[in-house]
Every structure is written in C-alpha cells, then in structure tokens.
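Below: the structure, in structure tokens.
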Amino acid sequence: MKKLEIDFYKQDAVTVAQKLLGKTLVRKWEDGTESRYQITETEAYLGEEDLACHASKGRTPRTEILYHEGSHIYVYLIYGMYWMLNVVTGEENYPQAVLIRGIDKIIGSGKVGRELKIDKSLYGENLITSERIWIENAEDIDDFEKAPRVGIDYAGDEWKNKLWRFFIKVKK
DNA sequence: TGCACGATCTCG
DNA sequence: GAGATCGTGCAT
C-alpha cells in the first residue's frame, strides 16, 4: 500500500483519529527489518482550548512540535517510563495530535511505546520522509466505537466527556 | 534550584 | 491497590 500523504495529516485531529483506524503503521528497525501493525485504537487532542491537550499549557520546548503542520511525530514520556506515540495533525500554529493507543493485539499506549521502541530520537520525525517509521494507507473502517478519553480527569467535565477515543470493534 | 505530578503497566 | 521512575512546568 501507499504511504499516507500530507493532505491526510492536515485534517483536524478528530477526523484523522477516526481515519487512522485500520491503517498500517510500519516500523523499520536498525537491522533493516520491518514490523507492520494495524492501528486499532486512537485518541484525539485538539487545540490549546482542549485542556487535555498538552498544548493547553502553551508553547514550550516539549510541545513545540504540536505547532507544526501535520505529519510530524510527537513523542512524550509519561510516568518516567512509558513513551507515548502521537501523530501531529492540522495546519501550522494550530496544535493538534492523535495519540496511538493500540496496534494489533497491543492495547494500551504504554505497551505500544515499548513494542515500537519509541524514545526521544523519534521526536519531530516526519511520517512522510522518515526511513524509520511511517503509515501506509488501507481501507477506511466504518465500524468503530467511540468512548471518552482515558486518564484526563484533570481536564474538567466539558473536555473529559468528549467522545474522542476511537477503537475498532472487536469481531466476534 | 527544588519539587510535585502525570495521556501507564505490572505485580502481589 | 500500590509501586516503579523521571522529564517537565511552575513555584521558590
């Protein structure tokens, strides 16, 4: 399949989060081998006014990449041990990102970070030009579930109740 | 310069 | 149900 192009990432985070479901995440290792995963769960973080989005605290060295245009990668260390993998979306100066929470059978952003060996060296990587990580196109998934986002109790009711978490419905 | 806290997981 | 473990942001 073909790599996703810049136009895909320039859409808003909520749209991209839904469309990323079912797409193929490709990780190329140091030794030249590749691993491929189907994206099964995502969450959207949209703009400075979204209190759950890291950019709500303003532009800092850490969140800088969120202000760039879509297709960049935002990695973030949480609880001192887990690297979260995020895809920056939208136009420049409009901070948005999609958190990858699940790939294949690996559900949980901490596990994803470990599986993909995500670390600071991937911060700011570009999904279109990178030789180490990119996303390939696949058929859109229409049959998915929505739910409130996880672990953002501090964001306040208005934001924490938004159904911006998306995951593929498990087939019986 | 210091400190409290978090988009989590694993183990007991 | 608590601990592991550390970069970041904000208060001193």
Side-chain angles (χ1 to χ4, degrees), chain A residues 8-9 11-23 25 27 35 37-90 93-127 130 132-135 141 144-170:
Chain A
F8 180 90
Y9 299 107
Q11 303 170 91
D12 68 272
V14 176
T15 301
V16 174
Q18 295 174 52
K19 290 193 173 181
L20 271 179
L21 292 174
K23 298 286 188 286
L25 178 66
R27 178 78 165 97
S35 293
Y37 310 87
Q38 183 188 41
I39 297 172
T40 56
E41 186 171 345
T42 61
E43 276 183 23
Y45 290 87
L46 185 61
E48 288 182 338
E49 67 272 18
D50 177 2
L51 296 179
C53 180
H54 286 163
S56 68
K57 290 185 174 143
R59 195 166 183 157
T60 69
R62 181 178 64 154
T63 58
E64 170 69 24
I65 199 70
L66 291 172
Y67 288 80
H68 291 222
E69 68 175 8
S71 81
H72 290 274
I73 290 205
Y74 171 48
V75 293
Y76 163 75
L77 182 68
I78 188 62
Y79 300 127
M81 13 169 91
Y82 295 104
W83 290 97
M84 319 297 277
L85 174 63
N86 302 254
V87 178
V88 177
T89 72
N93 293 321
Y94 187 6
Q96 314 177 35
V98 175
L99 167 66
I100 307 295
R101 289 187 59 86
I103 50 176
D104 285 344
K105 303 296 181 198
I106 305 164
I107 303 298
S109 36
K111 287 183 186 171
V112 171
R114 196 179 55 184
E115 168 72 21
L116 296 178
K117 295 188 171 62
I118 300 298
D119 63 31
K120 202 157 195 173
S121 73
L122 284 172
Y123 182 91
E125 195 86 356
N126 188 301
L127 284 168
S130 176
R132 295 188 290 172
I133 186 167
W134 62 90
I135 299 176
I141 302 280
F144 59 84
E145 302 271 347
K146 298 181 183 182
R149 292 176 291 180
V150 174
I152 53 165
D153 286 347
Y154 64 87
D157 290 342
E158 179 187 354
W159 294 103
K160 92 181 186 193
N161 291 331
K162 287 201 178 297
L163 301 180
W164 283 355
R165 175 178 166 216
F166 309 99
F167 52 96
I168 295 178
K169 200 179 285 184
V170 181

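Numbered from 1 within each chain, the chains take letters A, B, ... in sequence-line order.
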Checklist entry - Can a donor-acceptor pair be found between the side chains of A:E48 and A:Y67 at a distance below 3.5 Å? => result yes
Provide a list of protein-nucleic acid N or O atom pairs under 3.5 angstrom, restricted to nucleotides 8-12 of chain C.
residue, atom, partner, partner atom, Å
C:dT8, OP1, A:K120, NZ, 3.1
C:dG9, OP1, A:T60, OG1, 2.5

Checklist entry - A:S130 side chain to A:I133 main-chain N or O, any donor-acceptor pair under 3.5 Å? => result yes
Item to check | Nucleotide B:dC5, atom C1' - distance to OH of A:Y154 in whole Å | outcome: 11 Å
Checklist entry - Any side-chain heavy atom of A:K162 sitting closer than 4.5 Å to one from A:L46? => result no
Checklist entry - Using the P atom in both, what is the distance from B:dC5 to C:dA2, to the nearest Å? => result 16 Å
Checklist entry - Over how many whole Å does the gap from A:L99 atom CG to B:dA7 atom C1' extend? => result 6 Å
Checklist entry - For A:R165 and B:dA7, what is the distance between atoms CZ and C1' respectively, to the nearest whole Å? => result 11 Å
Next on the checklist: Rounding to an integer number of Å, can you tell me how far A:I73 CD1 sits from B:dA7 P?
Outcome noted: 20 Å
Item to check | Test item: A:Q38 and A:K23 side chains (from C-beta on) under 4.5 Å apart, heavy atoms | outcome: no
Identify all pairs in which a protein N or O lies below 3.5 Å from an N or O of nucleotides 4-6 of chain C, and state each distance.
residue, atom, partner, partner atom, Å
C:dT5, O2, A:Y79, O, 2.9

Next on the checklist: Among A:K160, A:R149, A:K57, exactly one meets salt bridge (charged side-chain N to carboxylate O under 4.0 Å, His left out) together with A:D50. Which residue is that?
Outcome noted: A:R149
Checklist outcome for this item: When rounded to the nearest 0.5 Å, the distance separating CG of A:D12 from CD of A:Q96 is 6.0 Å
Checklist entry - Considering only the P atoms, how many Å lie between B:dG2 and C:dT5, rounded to the nearest integer? => result 22 Å
Checklist entry - Under 4.0 angstrom, heavy atoms only, what part of the nucleic acid is A:R101 near: base, sugar-phosphate, or nothing? => result sugar-phosphate
Checklist entry - Short question: side chain of A:Y123, backbone of A:R62 - any donor-acceptor pair under 3.5 Å? => result yes
Checklist entry - So do A:L116 and A:I103 actually touch side chain to side chain, heavy atoms under 4.5 Å? => result yes
Checklist outcome for this item: Answer for the Watson-Crick or wobble partner of B:dA7, both distances under 3.5 Å, is none
